[in-house]
J.: 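Sharing a structure with you now.
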Amino acid sequence: MGPLLLIGSAFGVRRLVFDTEDQPAVLAELGYSHGLTPRENPAAHAVLLRELDSYFAGTLRRFTSAIDRRALRGFRGTVLEFLPRLRYGHTASYGSVAEAVGSPLATRAVSNACSHNPVPILIPCHRVIRSSGGLGTYLGGSRAKLALLRLEGAR
């Protein structure tokens, strides 16, 4: 998976950044657009760090750490709020998610919501795949998505 960068706020985890992303650019954008000054504070997310360790060890199936949901608005927010209902080790198609959230013709919008998920892994957009069985896109890259699906033994 590579190193992950966690960015949090008083409301919870705001962003999980893969090493395939431009982490300094993400920090700069968040700092500029939200008036934040990044600083290291691992203690602030000790529970989440333990949960991630357990998840990657295969012993955690559902995250309980707080997520800063202030950016989850509109249809994208609706999709991202739905995704934790997808069971560990199972996948759903973009179309079936669109149908589940009440917009059966919004397959592309579901794909877009998944690809802009600010906290991948915690909100399990990796469990959403193409109806053909193809992986689809993923913020962390296709190798990361495949690794997460394999970790979960996805069917």
J.: For a quick test of reading the model, state the closest non-hydrogen atom pair linking Y88 to L151 and the distance between them.
T.: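 Nearest pair, atom of Y88 first, then L151: OH-O, 3.6 Å.
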J.: With rounding to the nearest 0.5 Å, note down the distance linking CZ in R69 to CD in E81.
T.: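 R69 CZ to E81 CD: 4.5 Å, rounded to 0.5 Å.
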J.: Just jot down the side chain to side chain contact (heavy atoms under 4.5 Å, CB included) partners of R50, sequence neighbours excluded, or say none.
T.: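 R50: side chain to side chain contact (heavy atoms under 4.5 Å, CB included) contacts with A46, V47.
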J.: How long is the span from the CG atom in L52 to the CG atom in L6, to the nearest 0.5 Å?
T.: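 With rounding to 0.5 Å, CG (L52) is 6.0 Å from CG (L6).
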J.: Using salt bridge (charged side-chain N to carboxylate O under 4.0 Å, His left out) as the criterion, list what pairs up with E21, not counting sequence neighbours.
T.: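 Residues passing salt bridge (charged side-chain N to carboxylate O under 4.0 Å, His left out) with E21: R15.
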J.: Go through the steps for L48 and L122 under the test side chain to side chain contact (heavy atoms under 4.5 Å, CB included), then give the verdict.
T.: CA-CA 9 Å; L48 175 58; L122 303 179; 3.5 Å; yes
J.: Hey, what do you get for CD1 (I123) to CG (L72), rounding to the nearest 0.5 Å?
T.: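 Here the rounded value is 5.0 Å.
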J.: Where the side chain of S9 meets the backbone of F11, is there a donor-acceptor pair that is under 3.5 Å apart?
T.: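 The answer is yes, because a donor-acceptor pair under 3.5 Å joins these two groups.
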J.: Could I get the full list of salt bridge (charged side-chain N to carboxylate O under 4.0 Å, His left out) partners for E152, not counting sequence neighbours?
T.: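 Checked E152 against salt bridge (charged side-chain N to carboxylate O under 4.0 Å, His left out); matches are R127.
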J.: In terms of hydrophobic clustering (I, L, V, M, F, W, Y; side-chain heavy atoms under 4.5 Å; direct or indirect links), are Y94 and L149 co-clustered?
T.: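 They do not share one cluster, since no chain of ILVMFWY contacts under 4.5 Å joins Y94 to L149.
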J.: Atom NE2 of H126 and atom OG of S142: how far apart are they, to the nearest 0.5 Å?
T.: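 H126 atom NE2 to S142 atom OG measures 14.5 Å (nearest 0.5 Å).
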J.: Quick one: side chain to side chain contact (heavy atoms under 4.5 Å, CB included) partners of T20, sequence neighbours excluded?
T.: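 Side chain to side chain contact (heavy atoms under 4.5 Å, CB included) check on T20 returns F18.
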J.: Between V97 and I121, is there shared hydrophobic-cluster membership here, with clusters defined by ILVMFWY side-chain heavy atoms closer than 4.5 Å?
T.: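 Yes: a chain of side-chain contacts under 4.5 Å links V97 to I121.
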J.: Name all residues meeting the side chain to side chain donor-acceptor pair (under 3.5 Å) criterion together with S93; count only those two or more places apart in sequence or in a different chain, and write none if there are none.
T.: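 Residues passing side chain to side chain donor-acceptor pair (under 3.5 Å) with S93: S96.
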J.: So, taking the atom named CG in L5 and the one named CG in D19, what distance separates them when rounded to the nearest 0.5 Å?
T.: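 Nearest 0.5 Å value for the CG-CG distance: 10.5 Å.
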J.: Which residues satisfy the salt bridge (charged side-chain N to carboxylate O under 4.0 Å, His left out) test with R70, sequence neighbours excluded?
T.: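 In terms of salt bridge (charged side-chain N to carboxylate O under 4.0 Å, His left out), with neighbours along the sequence ignored, R70 is linked to D68.
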J.: Evaluate the side chain to side chain contact (heavy atoms under 4.5 Å, CB included) criterion for residues N117 and L16: first the C-alpha distance (whole Å), next the side-chain angles of each, then the deciding distance (0.1 Å), finally the verdict.
T.: CA-CA 9 Å; N117 178 0; L16 188 147; over 6 Å; no
J.: Check the angle between the aromatic planes of F63 and Y55 and answer parallel, tilted or perpendicular using the 30° and 60° thresholds.
T.: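 Rings of F63 and Y55: tilted, 30 to 60°.
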J.: With sequence neighbours left out, write down each residue that passes side chain to side chain donor-acceptor pair (under 3.5 Å) with S65, or none if nothing qualifies.
T.: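 S65: side chain to side chain donor-acceptor pair (under 3.5 Å) contacts with E51.
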J.: Whether the side chain of S103 engages the backbone of A98 through a donor-acceptor N/O pair (distance < 3.5 Å, no angle test) should be reported.
T.: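 Checking the backbone N and O of A98 against the side chain of S103, no donor-acceptor pair under 3.5 Å is found.
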J.: Side-chain heavy atoms under 4.5 angstrom apart, residues restricted to Ile, Leu, Val, Met, Phe, Trp, Tyr: same cluster for I67 and L83?
T.: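 Yes: a chain of side-chain contacts under 4.5 Å links I67 to L83.
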J.: Hey, could you give me each pair passing salt bridge (charged side-chain N to carboxylate O under 4.0 Å, His left out) that has a residue in residues 133-151? Not counting sequence neighbours.
T.: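 Sorted result for residues 133-151: empty, none.
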J.: Measure the spacing between CG of L80 and SG of C125 and express it to the nearest 0.5 Å.
T.: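 L80 atom CG to C125 atom SG measures 7.5 Å (nearest 0.5 Å).
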J.: Show me the donor-acceptor pairs within less than 3.5 Å that the side chains of residues 130-141 make with the rest of the protein, sequence neighbours left out.
T.:
{"unit_1": "S132", "atom_1": "OG", "unit_2": "G134", "atom_2": "N", "d": "3.4"}

J.: After noting the C-alpha distance and the side-chain angles of V79 and V128, does the key distance pass the side chain to side chain contact (heavy atoms under 4.5 Å, CB included) rule?
T.: CA-CA 11 Å; V79 170; V128 185; over 6 Å; no
J.: Show me the pairs that pass salt bridge (charged side-chain N to carboxylate O under 4.0 Å, His left out) and involve residues 104-123, at least two apart or across chains.
T.: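 Residue pairs with at least one partner in residues 104-123: there are none.
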J.: According to side chain to side chain contact (heavy atoms under 4.5 Å, CB included), who are the partners of N112, at least two apart in sequence or on a separate chain?
T.: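 Residues passing side chain to side chain contact (heavy atoms under 4.5 Å, CB included) with N112: S115, H116.
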J.: With P104, which residues qualify under side chain to side chain contact (heavy atoms under 4.5 Å, CB included), at least two apart?
T.: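 Side chain to side chain contact (heavy atoms under 4.5 Å, CB included) check on P104 returns E99.
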